[in-house]
Number of protein chains: 6
Amino acid sequence: MALTHFDGKGDAHMVDVSDKDVTSRIAVARGYIKMQSETFDIISEGRAKKGDVLGVARLAGIMGAKKTADLIPLCHPLPITKVSVEMELDADLPGVRIEATVKTTGQTGVEMEALTAVSTTALTIYDMSKAVDKSMEIGGIHVQLKDGGKSGRYEAK
Amino acid sequence: MALTHFDGKGDAHMVDVSDKDVTSRIAVARGYIKMQSETFDIISEGRAKKGDVLGVARLAGIMGAKKTADLIPLCHPLPITKVSVEMELDADLPGVRIEATVKTTGQTGVEMEALTAVSTTALTIYDMSKAVDKSMEIGGIHVQLKDGGKSGRYEAK
Amino acid sequence: MALTHFDGKGDAHMVDVSDKDVTSRIAVARGYIKMQSETFDIISEGRAKKGDVLGVARLAGIMGAKKTADLIPLCHPLPITKVSVEMELDADLPGVRIEATVKTTGQTGVEMEALTAVSTTALTIYDMSKAVDKSMEIGGIHVQLKDGGKSGRYEAK
Amino acid sequence: MALTHFDGKGDAHMVDVSDKDVTSRIAVARGYIKMQSETFDIISEGRAKKGDVLGVARLAGIMGAKKTADLIPLCHPLPITKVSVEMELDADLPGVRIEATVKTTGQTGVEMEALTAVSTTALTIYDMSKAVDKSMEIGGIHVQLKDGGKSGRYEAK
Amino acid sequence: MALTHFDGKGDAHMVDVSDKDVTSRIAVARGYIKMQSETFDIISEGRAKKGDVLGVARLAGIMGAKKTADLIPLCHPLPITKVSVEMELDADLPGVRIEATVKTTGQTGVEMEALTAVSTTALTIYDMSKAVDKSMEIGGIHVQLKDGGKSGRYEAK
Amino acid sequence: MALTHFDGKGDAHMVDVSDKDVTSRIAVARGYIKMQSETFDIISEGRAKKGDVLGVARLAGIMGAKKTADLIPLCHPLPITKVSVEMELDADLPGVRIEATVKTTGQTGVEMEALTAVSTTALTIYDMSKAVDKSMEIGGIHVQLKDGGKSGRYEAK
């Protein structure tokens, strides 16, 4: 099986999607950021009181989705029609679980936009908490669901 | 301990670094992307022959570091003086291990730039390989080393 | 009545416009920048002779419209099909009156693009004239007309 | 007196600041957005409960300051060292009063960054509230304070 | 014959393409960069061995095409559906011949995107080789082919 | 002699300039765009009357210089302190001769910024005149002068 991002000679190119249908497409990606318990407590409490780390990170994730074609060299620019970022404080991790949903009406899928939203959200949580915890770790970033194009529905097991 | 990205009232702000010294600063971040064995083989062979996934991803990572202040809401823009991205094919993972090194001569650290470089490199590997494997997972993104500012040297255990 | 930019839990999101029709949409926004008489005279004369403040500001406004989705966090990226910026020297203000018209064929309106064009035009006039007048004031920025979507025609009184 | 953004022939250029000193500079800009009483109430209540318009707008303002050199054609790119955006709900307006403070250690002033922060904050409030009120008006945008360069301290009366 | 980028009063505007059909459009642009024989040899050999100048330049060209509407003031933003950049080492020049192909399904042509891709590719070759040769020259940049809109097929002689 | 943009293994990296001195640096680049006589006449006359192609192109060139580190993958971001773009109508070409001058106080040179300014200026002239002439050709883009760093003064013959 071949990597479509290279042509017959092995040179990178932006794949031709001119002949693909304009359809409704959706992608959901997930990931998390793990931290020390003390950091988790500060973020959890801050939510209610002193500084909303998750609110800032959510916005960064949404804006990050819009920058995907600028960040990922061979991604097509797409008219995104929806972005949402959900976060859940998970005391067992401890840390924050992130899920991004992106939709478009276009000629190619939006899983890169969803992955970029998750990744940017996690990086922003790191940035805002790094004064108290440099050991945080971002992981588990994967595509959970993709639907709407010719290749059909994909759902992670 | 407090999160510096919020002021006394709990509102987000870009921290004042006007009075910090202009010093040489370095940060190293690491992460990986796991994939199926077949995908790993395609990328490994492609390196030599048909399409250099890692070469494209490296460039994306370097350019990603330059976009950090644009992506992360409260990051300071910085005159980056060096970015490198090393990758290692790890058959045991199986997948690719990524390490980014960023330097600046400035008033604040560059760990966000290094983390963004790793993250963008991994996302680009996903993008270029997703035609053959949608189940890849990005993880282990953390700061390995940070040095050069007032807060001293940090090294991950 | 609810603010659509927040979901049921009160979290910000980019509203889903996937099911909205692709229609021709137009928006017109207006605003002004007030200045001292001496500044007004320099700009008015410069127009003909020495340096075209309004020409530079117009271009900035047009380019600003294209950056709207990058500037305003929850704005959808849109394929803009027309931008024009009209300016009128008003000796009674004294200052410059600005009107921007933006069109798209898309799934959501372009009033933010028109407002951003007016705002960027005014900021550029400030920038180019600030060496002679720091007291200029930008005001009256509002949507004058919006038409083409499901919510119908809106015209400012 | 001449506009410095044009050379002897009347052509626009980015002024040469190579020989200006690198000094600590600060600028404060102000502005407001007026709205209907009902809109004011929704935003005021949302602050506490359902959707934080001001939190999103503040972040947009801070990120907007970082985009100034990209938006304003003849602005110099600058290493911003601090941005904060304060907002006050003013029931008499009724609306929101905005104040942005920007600092740099550089060769030219940051009043354009402060004005752009105020302007972007106001535009974002408009965007987030336009579903309930299209008649909002942005105004009073001016430089309140500028200090730190050769031209000395400027304070609006 | 008139320049369409100015309105009746001679002011620049972004031309209204709202009423143009959404059609498949293609453009091909060409250009070259000339260099000293020694530089040519280093690049040619590097291709196989030590550092792939052309691989980096190709990627820059592809990404450059996506930035066209950001670089060229009156260009419309377009959903690009394909970009490829071909390069040929020409020992007679000596130097590199560049050809970029861009496609869209949109309301206006993509010749500016193809020209920007060629130009960015050439500039990147310059950047990567300037340590050994400052005298390189970029030239011959022109539109080779344009097809798909109302104005019909254009092919350079 | 080696290409500095690759490390010992042949992988691209952004060269480490941390230890280079912060000095005043200048670069001058030149180029031209050739066109048909009729196009030349339209642009020449428009200058005075109906639409200032050169004014728009100059501004695009100045803004293009600021985007250099975003366009050229391995370029360092730099605090540009001056950009000017001079143009000369040359009836013998026939066409427009372009010269860009860029200065910085930084750790690396600005020849890429000057080349990018020339290139963007020429592309914008093409864009604004393409309705009347698709056969224009951009050429002769080279570095005319570079001074201020460790490698000393370079001047094209």
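Below, chains carry the letters A, B, ... as their sequence lines are ordered, and counting in each starts from 1. Keep in mind that the numbers below use all heavy atoms, side chains included, and drop hydrogens, waters and symmetry copies.
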Next item on the list: Mind checking the OG1-CG spacing from F:Thr68 to F:Leu78? Nearest 0.5 Å is all I need.
Entry: 9.0 Å
Next item on the list: Return the option, out of E:Ala12, E:Ala122, E:Gly139, with the maximum number of heavy-atom pairs under 4.5 Å with chain F.
Entry: E:Gly139
Check: Is there side-chain contact between E:Leu89 and E:Leu54, with at least one heavy-atom pair below 4.5 Å?
Finding: yes
Notebook entry, point to check: Can you name the nearest heavy-atom pair linking F:Ile43 to F:Ser129, along with the distance?
Noted result: CD1-OG, 3.4 Å
Next item on the list: Check whether E:Thr116 gets within reach of chain F through its side chain, its backbone, both or neither, counting any heavy atom under 4.5 Å.
Entry: both
Check: Under 4.5 Å, heavy atom to heavy atom, which residues of residues 96-106 of chain E contact chain F?
Finding: none
Item checked: Minimum heavy-atom distance E:Ile125-E:Ala57, with the two atoms named -> CG1-CB, 3.5 Å
Note to self: So F:Ile72 and E:Tyr126, do their side chains get closer than 4.5 Å, heavy atoms only?
What the structure shows: no
Next item on the list: Check for a donor-acceptor pair, side chain of E:His76 on one end and backbone N or O of E:Gln107 on the other, with a separation under 3.5 Å.
Entry: no
Notebook entry, point to check: For chain F, which residues from residues 150-157 of chain E have at least one heavy atom closer than 4.5 Å to it?
Noted result: E:Tyr154
Notebook entry, point to check: Measuring heavy-atom distances to chain E, does F:Glu111 have an atom under 4.5 Å in its side chain, in its backbone, in both, or in neither?
Noted result: side chain
Item checked: Under 4.5 Å from a heavy atom of chain F, the part of E:Met136 involved -> backbone
Checklist line | side-chain hydrogen bond (donor to acceptor under 3.5 Å, both in side chains) partners for F:His5, two or more places apart | finding: E:Asp127
Next item on the list: Give the member of E:Lys146, E:Glu137, E:His142 that has the highest number of heavy-atom pairs under 4.5 Å with chain F.
Entry: E:Glu137
Margin query: Do E:Met128 and E:Val56 have side chains that approach each other closer than 4.5 Å (heavy atoms only, starting at C-beta)?
Written below: yes
Notebook entry, point to check: For E:Lys67, is it the side chain, the backbone, both, or neither that has a heavy atom closer than 4.5 Å to a heavy atom of chain F?
Noted result: side chain
Next item on the list: Check whether any side-chain heavy atom of F:His13 lies under 4.5 Å from a side-chain heavy atom of F:Leu74, and answer yes or no.
Entry: no
Next item on the list: Report yes or no: does E:Asp7 contribute a side-chain atom to a donor-acceptor pair with the main-chain N or O of E:Asp11 at less than 3.5 Å?
Entry: yes
Note to self: Sort by residue number and list every residue of residues 16-41 of chain E having at least one heavy atom under 4.5 Å from chain F.
What the structure shows: none
